[in-house]
Structures are given as structure tokens and as C-alpha cells.
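Everything below concerns the one structure shown next.
Chain identifiers are assigned alphabetically (A, B, ...) following the order of the sequence lines, protein sequences preceding nucleic acid strands; residue numbering begins at 1 within each chain.
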Amino acid sequence: MEATKEKTRKLTGSKAMAQALEQEMNRDESIFVMGEDVGKYGGIFGSTTGLYDKFGEDRIMDTPISETGFIGAAIGAAAEGLRPVVELMFVDFHGVVMDQIYNHMAKIPYMSGGHVKLPITLLTAVGGGYSDAAQHSQTLYASFGHLPGMKVVAPTFPHDIKGMLISAIRDDNPVVFMFHKTLQGLGWMDQLDASLGPVPEEAYTVPLDKAKVVREGKDVTIVGAQMMTVEALDAAKKLAERGIDAEVIDLRSIKPIDKETILKSVEKTGRLVVVDEDYYSYGITAEVSAIVASEGFDYLKVPIVRLAIPDVPIPYSRIMEKFVIPDAKDIINAVEKMVTA
Amino acid sequence: MEATKEKTRKLTGSKAMAQALEQEMNRDESIFVMGEDVGKYGGIFGSTTGLYDKFGEDRIMDTPISETGFIGAAIGAAAEGLRPVVELMFVDFHGVVMDQIYNHMAKIPYMSGGHVKLPITLLTAVGGGYSDAAQHSQTLYASFGHLPGMKVVAPTFPHDIKGMLISAIRDDNPVVFMFHKTLQGLGWMDQLDASLGPVPEEAYTVPLDKAKVVREGKDVTIVGAQMMTVEALDAAKKLAERGIDAEVIDLRSIKPIDKETILKSVEKTGRLVVVDEDYYSYGITAEVSAIVASEGFDYLKVPIVRLAIPDVPIPYSRIMEKFVIPDAKDIINAVEKMVTA
Amino acid sequence: MKNNNKQDLLWIYRKMKTSRYFEERMEKAYMEGKQPVFNIGAGPVPGEMHLSNGQEPAAASMIVHLTNEDTVTATHRPHHQAIAKGVDLKKMTAEIFGKKTGLGKGKGGHMHLFDPNVKFSCGGIVGGGIPHAVGAALANKKKGTDRVAVAFIGEGAVNSGAFHESLNLAALWNLPFIVVVEDNAWGISVAKDKSTCVPTNDVRAAAYGIKGYEVRDNDPLEMYRVSKEAVERARKGEGPSIIEIETYRYLGHFQGDPELYRPKDEVSKLRANDPIERLKKYLLKETLASEDDIKALDQQILKEVDNAYEFAINSEYPEPEAALEDVFV
Amino acid sequence: MKNNNKQDLLWIYRKMKTSRYFEERMEKAYMEGKQPVFNIGAGPVPGEMHLSNGQEPAAASMIVHLTNEDTVTATHRPHHQAIAKGVDLKKMTAEIFGKKTGLGKGKGGHMHLFDPNVKFSCGGIVGGGIPHAVGAALANKKKGTDRVAVAFIGEGAVNSGAFHESLNLAALWNLPFIVVVEDNAWGISVAKDKSTCVPTNDVRAAAYGIKGYEVRDNDPLEMYRVSKEAVERARKGEGPSIIEIETYRYLGHFQGDPELYRPKDEVSKLRANDPIERLKKYLLKETLASEDDIKALDQQILKEVDNAYEFAINSEYPEPEAALEDVFV
Ligand SMILES: Cc1ncc(C[n+]2csc(CCOP(=O)(O)OP(=O)(O)O)c2C)c(N)n1
Ligand SMILES: Cc1ncc(C[n+]2csc(CCOP(=O)(O)OP(=O)(O)O)c2C)c(N)n1
Ligand SMILES: [Mg+2]
Ligand SMILES: [Mg+2]
């Protein structure tokens, strides 16, 4: 059920998350949250703001810095019928716990022939752009998208953040819920229009496997996720001034990718730019390009353009970081070349 | 330097590995090997056969089941000027140590501005096909290929196994060396012609970033790695009987991918099939397709075909496992459809 | 939970013997299609096969104190615990044969047996199951039950990061959690003194402020006593324990292991001190059972195991396309 | 290594004070461009900033016993160790300012400082540096040197799997390795008793059969004494140690931390017991230094730090395209 109009007000991404959690926790006692600093601190990126005071330490549990321990424990608790929401503070830390995530959480339902359900929501913060350097600025969409057994989502706007988080919590399968730091609308980061948006008061769901056309256009399709969607929209606005009408698709779901929405758009525009805040090789630009090259080949008028972080770690110094993360300017350049080609 | 003809005899993949290690260890005292069961056992997949007796426990070190500990220790030892070769027994276990691999080993040289060198070779066994189920049958090429700071290779034939392992050891950068269990020519696995091949006696190197055309043809390009190269060659033989002349490219290097070799081939054939023993989404089929769709678009006569493990964990039961891993039959079917289309 | 000592000991005997018979048949079944040349992927039971012959006391003498509602997580060597925990033997055997009637419809295999009815699971990643037991214990506590969760691991797994993180969590949250360390002296080819910096792992309890127990010489009676105490303490909210039992691996790490790393006479010495035989002697000596009782029991066991194999062998293989199902529920 | 007690204590004072001055300037530099509204990405020093004010004894009183050839690995809060270890202060400051003259040419930043000349490294992943120190200790031993490797971590990191695996390896291989646990009572907002199931981490030495030391009340003299013993033991091949020092975090976890989780008066109490002031008093009382000596020293320190900032501020930013270099050597 998509949202209704009444009782809609503007919330930031982080408030949308906290509201989703609160409403679901009120509805279902088997839901609890575990993670580092999710308690009094309210989550380093605000995902659990205010929840500790409302639900107490039994349901909003601070943990030691033991990601394998507590994310592994979420698996055991889920197998016993609880619905854990666990937070991996930065996606960059996945390497200390990937075994529990991809070999256990993602595979036990399958290996058990569907007899064990693991309704786990794994929250994790992604993204750079504020000089947090190589170990705290990654998105790693594809590191999760590549591996079977998890649904992987990365919503952009507060409305989708709330709706997809509720869907994730209600889903009986493991869902990796990636939220972008800059889109949380936190007081201490860049202030972005996109991080504040209309969010209905009541609980509602947004599907976990559907992309969304966030701007219609006929000349070129630009596919992105999270901050790259924001940059693409910005680029589209400027391209419009130059007479180029871009369609922008917000991927929302990293796995599975909503092929239909993409193919339909490319059928119309004949041109595709894929833009990604993750690394270039084996990333979103690869997968989306491949989908179109194999299933929408005849729609393409010109070669696909891929924009992503070149295959380098993310550098600290602002000027170099800006250089490696694609932005509206890069998109505009690419599109202009394509259209005049 | 590629190999000379003299003193060439046939070796299995595992013997080729052990020989490379032995020759390099004799040459350079700073090389040592760490891993589980690399000592008396000689490596579960034979990578260190005979070396313990030759070099003793100081240079062929068995470790506890502490992958983060000992692979992390390899980083510290490399920073002190040693050249560790470390074995992660199955690539499937990478999840317990991925942080050390991708956040430290792969990024420290960059984060230090090139001042810290980490000449580490990380050996790891990949591949399925013998019913070892979901946690012991993966290849995970793309899980490594996606992340910056590591060279990632996956040679197929004994000649390349030896030559690329020597290159990896001599390289001053971290190299992930993936060897395929079935291509080791072990007595206790499927016996495969491809796992035995001519290997020059003396030490030689094979570049870490070059694919190889292992069969020339003009009708279609088939790109694969390791067992998929073997299946592709098998398919090509049968296709030839039906009058279809396939070119087969053995990728050898997962990262970086040798674009030139692939593009040159597709320029000639106009048709591309990519086949992968890794998972479908965000895998080799995605990356190779995307390279061609963006840089060799005009060469393509028909849509690219992608064959890979569908996005499911690898099932145990033989009949299901065979169903999910692509083979020569699948390739033949795909190519026949393409050529008649 | 069984309170009567005699009943308990007979139960332990039964479970140990069932596991032994089960695995002796498995040893043979596994070798089918693998002769004269051993090929790991061939025959009706392909893939790796880790048998637990000799290690039965670790499982049975602990699990006798548990109910179906208590949780057990096990490892790549899971048959003895699975059998003790009451995992459906037919479905378990069928799973190992890759049949669609198996616990996991043939998707899991011998290292991945899941029977939620008796709260049993296992897995192929060393150390990987420990946090799951912590999570089960957490759930038990949250629900206000007195259920416990027991993680079985090998001595090799104690040196994994997962062990440490799990034990700290269990102790910090005072959970009804026990870890049983089956010290069979080897982690594949690596001897304990090449993997572990302390002689016995019960001393590691000090790092968590919890109870540590040590059971020597694979003794089913001592394991029974110690486990009872640990389980009772856990149920009463008195916190987690580590139990390390010195146990014996009769066979190779996996079937087909050349075992060149192992002293030649080690196994014959171990076998001469077989825990099942020792318990049987004890039962007879204490007149807890007669020779006839034991024989009758053995017959029952044989039949149960044979039935399971028959079921497995006669079951159908899955359809190939079934591989695509059950990724998501 | 400095053998003379007086010299050592003066050295410790100097290093602690340098670190303190350095960070006081950093606190200000960090806030430039972040006022009136704090924006983590703004100003000449963007990104996270973890300061160690109050924790200086942990670093200086250990590192006084080390030479340039001994290895130190540190964490996300690395300035006090870096300064004590003798990391090039100009290049370090330039790195934090993102300049091309920095240790890492502006690629690393404050959490990723590498100075191979004095064998110093650090990193942003909790627990991640511990195995690197084990590896350095292994290399030291392989080379037949008497060099040691010291891993500095926070009390929060002790509960990471990396800690356990590293300590077992170090003890198993009897390496010249020491871990210094800076117990500043907090892991971001999580108090030690919510993360750690034992009151002090020296007791965890029992899990590895190694030495455990505890230093109370942030005492630079006691830390000096204990570290001396641990380093000497390591050099002599007597194995690894764990040293936990109770230390104080004056500031938030990172700059900008609202610290709502923290008792209001905690910091003022800690500050009243400042270790640098305490050492200074001791030096004066024992007549190891005069007021004038200290003043002169303070002037030198001020100048050294000022020079470093001047160098950093006046250095150039890297070219954007430099981002593509140094992935491979
Ligand atoms: C994380 C991980 N590392 C390595 C392995 C390979 N492996 C499987 S079993 C085993 C030895 C385990 O030893 P132990 O824990 O003592 O159990 P045992 O086999 O003796 O029952 C190893 C190294 C694995 N499965 N998982
Ligand atoms: C593996 C990992 N998990 C979580 C974090 C986030 N994090 C950074 S510092 C920190 C707290 C560390 O506490 P402690 O070890 O006591 O060091 P302190 O900050 O007190 O110096 C956390 C949780 C991280 N960087 N790495
Ligand atoms: Mg063992
Ligand atoms: Mg701390």
C-alpha cells in the first residue's frame, strides 16, 4: 500500500527511519534493535533517534564492538522467532562480519530448504563526500548485491526510506537496508533539499524490488541510486535548460534490480548513462549496462556510458575525493557528448 | 619473460604451484608461507606439497583457524620487508577476514601515499562441482574484483598457474591468487585433461593483467575463466563440428580485466557470450558485458549473452548443483541461438 | 529433561551407539562409487564427509540434559549432536544423500543440517555457529523462558574471533549459553599445541568471568556430571560456561584424509579406550542394564538406523529446477 | 631506548605536552569553517576528528622504552602515539590538512597516518591494527632481532575477534608483542560495563597464558614502570603482555559529539587530575627539573608544534588527478 495524502509532513531521512522503527516496534513486540550506539546516542547517523527513551534497553540494545557476535546473534534470535533489526554502523565495517551476513544469514533459509526463516533487517550507513577517507566513505552496493540470499535496498528520499524500512522489517527474509549518511538530513552534515521530504504519518510500505522514475524525459536515461540520483536530478535540471530532456531512474533496489523500469525507459530514450557512488568494476554500472546490453540491446542508439568511482580507494583530501565521486557536472558532460554524438 | 621450450614437462596445477613457490623461496629468503594445513599436509588442495620437508616450519607455517589474525599478520610482516604468501583455504571463508584483505592489505599502500609496500600473495581455492555445498563451492571472483587495491588473478592451465604465481610473488603489490580446485589435478577429484599441462622447469613469469585467446575463431567470442574456460573450449570443439567457429578467451586476470583482448575479439566476431562460475548479478558477465557495451558497442551484431550461476546459493545435491553451474551444453545452446538469430 | 540417572545413562548409551552405527554405515555409503579410485565428487554421498566416531560422549552426555526447546548449534562434524538432539533421522539421512525428502530438500548436505522442530542447526564455517547459539540464548531470555542454548565446537574453533565475541556477549548479557569444546587434538592436520597457546580451553573462562570445566579422557560419565551442572546453572540464570572435553577422533579429518601428519599408533590406542564400550561395562557392572537389555537396545538402534538409510536411499532426487526455490520464503 | 630515569621522565613530559599542544591547536583548526553551524565536511580539516587529550600517559610512558626500529600500530585516535613514536610532525600535520606534503600525500587523513621511517601506522577499523603488530613482531623474530611491536587499542577493541586471534597467535609463537589497552571508559557512547564482561582486561591474559598488567588512575609513572618490564620481557623472548591503563577521554568521541550519554561532571573531575600536571609536579618535587627548565621545554614544544602547523597550512593541496596514483607501487 502506497501512502495516502493526509497527515503527511516533512521529515528528514533519519526521522523517517526512526518513525518507521517506532511504529513497527509498537505493532510487533518481537522486533528489537541491536547495534553500536543505537541506545542513548540514537545511532551515529540518527537511525534510532529517541527510541531508547521509548522502548528501553531491552529492545534498543547497545552492543560491544563485536559485529560477528551480535549480527550472528541476530541470526540465532531470528531463528527463534524474533525479528531483529541490527545496525552495522558503517558499511565499510562489513569485512569483520561478512561471513555471518553472506554465508549464514543469506544462506540458511535456502540450505534449510526454506524451513528456517530469518526475518532480519540489517541497517547500514553508506556514502562519502565529507572527507571521511578510505575506510569510512564507501557505499559497497555491489559487494552485497553480488551475493545471493539477501534483498538489498538503498532508498534515496524520506518517503521511500520510511516505506522501504517498514517493508524490510515486515519481510520474512533478510534485507540489507543501506541508508546514505548525507540523505539522513543530519544537522552536522551538508544540508540537502533531498534529505527532507513529505512522509505520511501512518505506517505504509514501499516495495523492495521496484525502481522509480523520478523525472520523466525522452532523450536519455540516467540510472542512479541515493546521492547519484540526487546528482542526476540536478544534472537533468541543467540539461533541460540546454534543451536535453533526461529521464532519471532512482534504483532504490540494488538486488534485485528492477529491469522492467530500466528497459522501458531505455526503449523510449535509446541512451543510457549509469552513475554510481560505488567502485567502477563489477558495480552498478556494470550490472545495469549488462542488463540492457543483453535484454534491451536493440533499444540502444549509442554506447552506454558508465560513471563511477574509478578503481581506487577513496582519498581523504577534499579535492581528490570530489574528483573520484561522480557528480552532476560529470553527468552533464557525459550526456552532452552522447546526445551530440 | 615467457617460457622457453627446453626442460618442459607436464605438471598438474598443484605441482605447478608448489614448484613456483619452491623456486621463489630458494631465490628469496624473505618469502614465507602461512596458512591452515600448509605444513605437513601440504595444503588441502596441494599448493604447498613437499615444501614443509624442504623449508621447515619457520618458512612453511601452519596456523590456527584465525584468518583475521594470520592474514592480518602477513600485512604487518610485509610492511617490515618480508614477502608473505598466505593461504585462505577456501575463498568461501573470506567473510571472516575480508576486513584485513580489503580495508588494510588493499588500501594501506594507497593511504600511505605509496610509502608502504605490501608484497603479499594471497592464495585461495575456488570452485564447485563436487557437491561441497553452499559454503565451500563458490568462486567469488567479483567479490574481490569489485574492490580496489588488489590485483586478482585466476589462471586456468598449469603453465599460467606457475608463471602467474611467480609474477604474483615478485609483485610488490597485494595479489589475490585464486586457484580452482578441479584444475589442481588432485588425485581425489575429477580427472581433467586441462589440469595437466606443459610447464617449463625453470622459473618464468606470466603477466598478471593479460587475457589469452586460447582458441581462435571468427563467429562468436566466448569469455570465461578457469572451469568456464575449460567448458568453453569443450563447447567450441562441438560447435566446430556444427560449423560454428568460436573464439575462446581465457580471462586469467579478474582485475584488471584485459579489455583490449576482449574488444579485439568482439570486433572480429560481433558476438559475445560471457560465462561465469560465479553468481550472475554484479559478476564477470556484468563487467565484461558492460565493457563491450560501452567501449565496443559498434562491434556487436546481436545482444550479449550472459551465463552464470543464477542468484541462488550453491545447492548440495548433485543434480541441482549441475543445474546452476554453467557448462559446455549451456554454452552451445546459447551460441546456436545467437548465430541463427 | 531426564532426571533419573539410570534412564539418563541408558539414553546416553543409546544415542552414542546410534551415532556410531549411523556413521559406520555412512563410512561405507560414502565410499560407494569412490572405488577403486577415490573421487570426492562421486557416488551417492558426494562432497566432504566429516565423521565423529569416538567423539560421541561430548554430544550425548550434554544433550541428555536438554529438551526439544533448548537450542543446539553444531559444526561441520555434526552427526553425533544431531542424533542426540533428536533430529529426524530419516530426513537427516535423506539430506546427506541429497534427496528431496531431506531436511533441506537436498540443498544443505551433511554440513548444513537444520531441524527447527528440535532447534538444531550446524554449518561449515569454523566458529560460525557460536553467535547463533548466543542469539538463541538471548531470545530465550527475552521470552522469559528457562531454555538454554549450547554451541558445540572443535578445539580449533576456540581460536576464531567468533568464539571471543560470542563468549563476551553471552557473559555480558548473562545468557543461558554453554559452549562445549570437543578437543579431539586436531584441527585437520594441525595439532592442538600448534594452534592453541594454552593447554586447555577451560582456562579461557577467566577472560569472561564465567565457569570453565574440563573433562579428561573422553569420559561419558564425567561429561554427564559436568554438563548437568552447567545446564542447571544456565537455567537458573547463573550464566554461561565453557566445557572442554578431551575426546577422540578415530578417523581422518574428512573421509579420504591421508592422515600422514598423524602418529601411526595414535588411533589404535584411542580405540582401545572406546567410550561406548566403557559406558556399556559401567552399565553392566552397576547392573543398570543386563547383557540382554543391551542387546535388545542395540537391535532397536540397528533397525532405526537401517530404516533411515532405507528411507534415504528410496527417496527421490529433487528436480534440477528446485535449485531456484527457497532462496526467499 | 632511554635508560636514564630523569631523561626518560623528561622525555615523557615532553611528548605528552607536545601531544596536548598539538591537539589543542587541532581542536581549533578543526572548528574553522564549521561555525556557526557545525558541518563535518567543512573547513580546512574535514572528516571525523578523534582527539586524545587526557590519554597521553598511555602512549608516552610506553613508547619511551621503544626505538625507531620497534613497531607501533594505533587506532582512529592516533595522535598521542604518533607524536611519542616520533612521526614526522610536519608531514603528519600536513596529512591531516589534506596536503600533498603529508605523510600519505593527503590520501590517508587523520585516521590513516603511516610513517615507515619510525614504523608507525594506524587505522580506522576497531581492532584492525592488532594483527599488523603481531606480523611485525613475527618479522622481528624471524630476523633474529630483539625489536618489539606494540599495538595500542581502546578498551572497546578488546571485544573484537581480531584481538583474540592476534593474542593467541602472539602467545602461541611467543612473539615480542605487547598490547596496550587504553581504557578511557567509553567506546563512543557505550560505557565499559556495557561492552566488557570483566572489570579489567588484564585478566584476559589468562586466556593466553601471558602477563597481564593493570595501571590505575592514568598514572604516567606506573605506566612507565610497567611498560619497562613488559618491553624488557618481550625483548628477552619472554613473550607477550597485555597492559591495560585506566585513562581519561577529556573530549567527545569525535569532535562534534553531543555527549548526551555522559555524566555532566565526569570531565571536570578528570581534568582536575591531569596527568601532565601531575608529572610536572613530580618532576619539580623530585628536583628532576626546575620551573625554568619546564618553561623552556614548553617553549620548544610550542615552537615545534607551531612550525608543523605553519608547514601544513602553507603546503599545497594535491592535484585532483593525484587521486589515481599510488593504488599500486
Ligand atoms: C573459517 C574457517 N576456516 C577454515 C575452515 C576449514 N576447516 C574446516 S574444519 C577445520 C578444522 C576444525 O578443527 P576443530 O575446530 O578442532 O574441529 P574438528 O574438525 O576437529 O572437529 C578447518 C580448518 C573452515 N571451515 N572455516
Ligand atoms: C570494526 C569497527 N566497528 C565499529 C567502528 C566504529 N567505531 C569507531 S571508534 C569506536 C569506539 C572505539 O572504542 P575504543 O576501542 O574504546 O576506543 P576509543 O574511541 O575509546 O579510543 C567505534 C565503535 C569501527 N571503526 N570499526
Ligand atoms: Mg579438533
Ligand atoms: Mg574507549
Side-chain angles (χ1 to χ4, degrees), chain B residues 29-30 32 34 57-59 61-84 86 96-120 148-151 171-175 208-209 255-256, chain D residues 69 71 73 91 95 100 102-109 111-117 119 121 123-125 127-143 145 147 149 151 160-170 172-173 175 177 318 322-323 325-329:
Chain B
E29 291 228 322
S30 67
F32 69 105
M34 273 193 287
E57 66 174 1
D58 281 350
R59 292 188 69 194
M61 301 175 68
D62 274 334
T63 63
I65 309 167
S66 309
E67 287 85 356
T68 289
F70 74 81
I71 296 177
I75 296 170
E80 297 289 338
L82 302 184
R83 299 186 88 83
V86 274
V96 301
V97 58
M98 197 54 173
D99 179 59
Q100 287 299 326
I101 296 172
Y102 101 104
N103 262 335
H104 303 270
M105 181 182 86
K107 290 179 184 162
I108 285 173
Y110 184 82
M111 296 190 298
S112 72
H115 293 117
V116 177
K117 272 197 274 193
L118 296 180
I120 299 170
M150 317 171 238
K151 303 182 180 183
D171 200 295
D172 276 344
N173 298 288
V175 179
L208 296 174
D209 57 357
K255 176 80 164 284
Chain D
E69 294 303 321
T71 297
T73 68
K91 291 188 185 170
E95 184 62 28
K100 83 167 163 203
L103 288 170
K105 305 179 189 164
K107 288 178 174 136
M111 280 191 274
H112 312 108
L113 304 170
F114 298 87
D115 190 345
N117 290 330
K119 297 188 187 276
S121 66
I125 305 295
I130 316 172
H132 307 169
V134 172
L138 175 65
N140 293 342
K141 189 174 174 179
K142 278 186 183 294
K143 293 177 187 165
T145 68
R147 298 174 192 162
S160 71
F163 174 88
H164 177 62
E165 296 191 2
S166 300
L167 269 284
N168 180 60
L169 275 185
L172 181 70
W173 294 340
L175 300 179
F177 167 86
E325 295 160 9
D326 296 321
V327 181
F328 296 115
V329 296

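- For chain B, the nearby parts of D:Ala323 are the backbone and the side chain; heavy atoms of each come within less than 4.5 Å.
- Proximity of a side-chain donor or acceptor of B:Tyr110 to a complementary backbone N or O of D:Gly104 within less than 3.5 Å is not detected.
- Rounding to the nearest 0.5 angstrom, the gap separating the NZ atom in B:Lys107 from the NZ atom in D:Lys107 is 15.0 Å.
- Residue contact with chain D, scored on non-hydrogen atoms closer than 4.5 Å, involves the backbone and the side chain of B:Lys151 alike.
- In this structure, B:His104 NE2 and D:His112 NE2 are separated by 8.0 Å, a value rounded to the nearest 0.5 Å.
- For the options D:Leu103, D:Leu167, D:Thr73, heavy-atom pairs under 4.5 Å to chain B are most numerous at D:Leu103.
- In this structure, no portion of D:Ile130 lies under 4.5 Å from any heavy atom of chain B.
- Here D:Lys142 is the residue among D:Lys142, D:Lys143, D:Lys100, D:Lys119 with the most heavy-atom pairs under 4.5 Å with chain B.
- Residues D:Phe114 and B:His115 are not in side-chain contact: their nearest non-hydrogen atoms beyond the backbone lie 4.5 Å or more apart.
- Ranked by heavy-atom pairs shorter than 4.5 Å toward chain D, the options B:Thr68, B:Val97, B:Ile65 are led by B:Thr68.
- Side-chain contact between B:Ile108 and D:Ser121 is absent, with no heavy-atom pair separated by less than 4.5 Å.
- Of the two parts of B:Phe70, the backbone and the side chain both hold a non-hydrogen atom closer than 4.5 Å to a non-hydrogen atom of chain D.
- If you tally non-hydrogen atom pairs under 4.5 Å between each of D:Trp173, D:Phe163, D:Phe328 and chain B, the highest count goes to D:Phe328.
- Annotation for D:Pro131 and B:Gly69: closest pair CB-O, 3.6 Å, computed over non-hydrogen atoms.
- Counted within 6.0 Å of CD on B:Glu29, heavy atoms from surrounding residues, nucleotides or ligands total 12 or fewer; the atom is thus considered open.
- Residue D:Ala162 touches chain B through both its backbone and its side chain, counting heavy-atom pairs closer than 4.5 Å.
- Heavy atoms closer than 4.5 Å to chain D are found in the side chain of B:Met34, but not in its backbone.
- Your options are B:Ser112, B:Gly114, B:Pro148, and the one with the most heavy-atom pairs under 4.5 Å with chain D is B:Ser112.
- A pairwise comparison of heavy atoms in D:Ile125 and B:Asn103 identifies CD1-ND2, 3.5 Å as the closest pair.
- Ranking D:Val327, D:Asn168, D:Thr71 against chain B, the residue ahead of the rest is D:Val327, based on heavy-atom pairs under 4.5 Å.
- When heavy atoms are compared at a cutoff of 4.5 Å, B:Asp99 approaches chain D solely by way of its side chain, counted from C-beta outward.
- Between the side chain of B:Asn173 and the backbone N or O of D:Val329, at least one donor-acceptor pair lies under 3.5 Å.
- D:Ala139 and B:Ala77 get closest at one heavy-atom pair: CB-CA, 4.2 Å.
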